[in-house]
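Read through the structure below, which is laid out as structure tokens, and then see the notes.
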Amino acid sequence: MTVESSAARKPRRTAAGKAGTTGSKTGATGTKRTTRTTRSTAKKSTDPDLVQLLTPEGERVANAEYDAYVAGITPEELRGLYRDMVLTRRFDAEATALQRQGELGLWASLLGQEAAQIGSGRATRPDDYVFPTYREHGVAWCRGVDPTNLLGMFRGVNNGGWDPNSNNFHLYTIVIGSQALHATGYAMGVAKDGADSAVIAYFGDGASSQGDVAESFTFSAVYNAPVVFFCQNNQWAISEPTEKQTRVPLYQRAQGYGFPGVRVDGNDVLACLAVTKRALERARNGEGPTLVEAYTYRMGAHTTSDDPTRYRGDEERQAWEAKDPILRLHRYLEATNHADEGFFAELEAESEALGKRVREAVRSMPDPDRFALFENVYADGHALVDEERAQFAAYQASFADEGGH
């Protein structure tokens, strides 16, 4: 398995996929099972400007406001960012394959969102605290969480798989948007303790419609909490497009709460690094919260139980494939002679080794306890739960053959 997507190797350049700095969603269509509908015609033809330091062609562009935050980055660090994205994508692809093989119950892919996660993750300090959703595999990588530890929950053998205090990386949160409140409360505590660390909360465009997120904005603004809200706008909240959730760009919502918001090219790892560094710096300096909208795209399904072909067309994906975050940095590394074929070959071998390690780790995990779901439903037990457990046991026994196997 290669370390880059087919789009990264052979990008399909379309008019919509050329390197603008606005992250336009032109040419997008959606599909249902029997009918094809055009996405909202009320949407503006171009989106507001966003922060971009690397174009899709891999060209470095100047930005007076954010250049300083990546001015000292070395060729080694650039190669490190590339390695992070490639290995994260390889791990994600392996996890998706393992779910298809029945080894995992579910998987939420990050394909296409590597730059947003690696750029923001590498902007954090060890003493910062991170509150993820269930898709932040790249951020987990940056925080030093072993990738194999992410898989236990999706296999059903544990409730998380790592100690949050070991890496200041909270357990994955399945409830949509609730981690924004957790992060806000934690940040308020950090401020009361007098620490100069910051907190960052990740959520998607869909979660931005949740009341928990609105409440977290209110509390963080009023109490000047040192928290960064990092929204990965991947355009689709499962099957609902962003324009059906908001009438203004997501980052502009921060204005109504009294703190700044910024939209960044979520497929540009340098821009994500710079924007997040600045937002975290503001938080540590006592300047309060920031909302970062990373304008990116979910290349795959929402989870492995989803079929994106039912609600979006191929044209949209093809336009975003031309903006692939890994290909973008690959082009820049080659153009600046910061990486050679030897580096890419070694990384290919490393990615294959990672895939093998992930496969072996998952297949060595125990099978989930089928009856565990009946435990801890009630503190003192319940007759209905006992009845359901007995019914489930009989159902399981029905699969046994006459020999008792």
Side-chain angles (χ1 to χ4, degrees), residues 48 50-51 63 65-66 68-70 116-117 119-133 136 139 142-143 164-165 167-171 173 175-205 207-233 246 248-264 266 271-295:
L50 41 70
V51 178
N63 185 296
E65 193 171 1
Y66 287 97
Y69 292 91
V70 292
Q117 295 193 17
S120 61
R122 288 302 180 196
T124 62
R125 295 190 329 205
D127 59 333
D128 295 333
Y129 205 100
V130 178
F131 286 84
T133 65
E136 273 67 60
V139 185
C142 293
R143 299 300 293 182
N165 294 321
N167 308 77
N168 280 9
F169 185 78
H170 199 265
L171 296 177
T173 304
V175 178
I176 306 299
S178 63
Q179 72 279 3
L181 275 177
H182 304 159
T184 299
Y186 194 96
M188 291 166 62
V190 166
K192 287 184 177 294
D193 289 343
D196 70 344
S197 57
V199 178
I200 183 168
Y202 289 85
F203 57 92
D205 47 299
S208 69
S209 297
Q210 293 285 76
D212 285 358
V213 173
E215 291 171 9
S216 67
F217 286 0
T218 298
F219 272 87
S220 65
V222 171
Y223 288 93
N224 205 45
V227 59
V228 174
F229 298 106
F230 195 91
C231 175
Q232 293 175 85
N233 179 3
T246 179
V248 298
L250 292 177
Y251 76 96
Q252 292 183 4
R253 287 185 173 183
Q255 297 176 13
Y257 294 88
F259 59 88
V262 57
R263 174 180 275 186
V264 61
C272 289
L273 177 67
V275 166
T276 310
K277 274 187 174 182
R278 181 180 181 184
L280 289 169
E281 184 180 274
R282 288 190 70 259
R284 298 189 193 103
N285 291 339
E287 299 176 54
T290 302
L291 172 61
V292 176
E293 178 193 357
Y295 199 80

Could you report the tightest heavy-atom contact between Ala180 and Thr184, atom names first, then the distance?
O-OG1, 2.8 Å
To the nearest 0.5 Å, how far apart are CD in Gln252 and CZ in Arg263?
8.0 Å
Looking only at heavy atoms, the pair that brings Val139 and Gly121 closest together is CG1-CA, 4.4 Å
Please identify each residue that fulfils ring pair (Phe, Tyr, Trp, His ring centres under 6.0 Å) with Tyr257, with sequence neighbours left out.
Phe217
Those residues at least two apart in sequence (or on a different chain) that pass side-chain contact (heavy atoms from CB on, under 4.5 Å) with Ala123 are Leu273, Thr276, Lys277, Leu280
Rounded to the nearest 0.5 Å, how far apart are CD of Gln179 and NE2 of His170?
9.5 Å
If you take all heavy atoms of Ala225 and Met188, which pair is closest and at what distance?
CB-CG, 4.0 Å
According to side-chain hydrogen bond (donor to acceptor under 3.5 Å, both in side chains), does anything in residues 193-204 pair up with another residue at least two apart or in another chain? List the pairs.
Ser120-Tyr202, Arg125-Asp196
Please name the pair of heavy atoms, one in Val227 and one in Ala183, separated by the smallest distance, quoted to 0.1 Å.
CG2-CB, 4.3 Å
Among all residues two or more places apart in sequence or in another chain, which pass the side-chain contact (heavy atoms from CB on, under 4.5 Å) test with Tyr186?
Tyr129, Phe131, Val190, Val199
So, using side-chain contact (heavy atoms from CB on, under 4.5 Å) as the criterion, who are the partners of Ala279 when residues are at least two apart?
Val228, Thr290, Val292
For Glu293, does its backbone N or O pair with a side-chain atom of Asn233 as donor and acceptor, under 3.5 Å?
no
For Tyr295 and Leu50, the nearest pair of non-hydrogen atoms, with its separation, is CB-CD2, 3.9 Å
Using a 6.0 Å cut-off, check whether atom CZ of Phe219 has over 12 heavy atoms from anything other than its own residue.
no
I need the minimum non-hydrogen distance between Ser208 and Val213, along with the two atoms involved.
CA-CG1, 4.4 Å
Do any N or O atoms from the side chain of Thr173 and from the backbone of Val175 form a donor-acceptor pair under 3.5 angstrom?
no
Sorted by chain and residue number, the salt bridge (Lys or Arg N to Asp or Glu O under 4.0 Å) partners of Arg253 (sequence neighbours excluded) come out as none
Considering residues at least two apart in sequence or located in another chain, which fulfil the salt bridge (Lys or Arg N to Asp or Glu O under 4.0 Å) criterion with Glu215?
none
Please lay out, stage by stage, how Phe203 and Asp212 fare under the test side chain to side chain contact (heavy atoms under 4.5 Å, CB included).
CA-CA 11 Å; Phe203 57 92; Asp212 285 358; over 6 Å; no
Those residues at least two apart in sequence (or on a different chain) that pass side-chain contact (heavy atoms from CB on, under 4.5 Å) with Ala191 are Pro226
Report the distance from atom CD of Gln210 to atom CD1 of Ile176, rounding to the nearest 0.5 Å.
7.0 Å
Taking only residues two or more places apart in sequence, or in another chain, which ones meet Gln117 in a side-chain hydrogen bond (donor to acceptor under 3.5 Å, both in side chains)?
Gln232
Just jot down the salt bridge (Lys or Arg N to Asp or Glu O under 4.0 Å) partners of Glu136, sequence neighbours excluded, or say none.
none
Any Ser220 side-chain heavy atom under 4.5 Å of Phe229 side chain:
yes
Going by side-chain hydrogen bond (donor to acceptor under 3.5 Å, both in side chains), name the residues that satisfy it together with Asp128, two or more places apart in sequence or in a different chain.
Arg284
Approximate separation, where rounding is to 0.5 Å, of Ser216 OG and Leu291 CG
9.5 Å
With rounding to the nearest 0.5 angstrom, report the CZ to OG1 distance, Phe230 to Thr124.
11.0 Å
Counterpart residues, salt bridge (Lys or Arg N to Asp or Glu O under 4.0 Å), relative to Glu281 (two or more places apart):
none
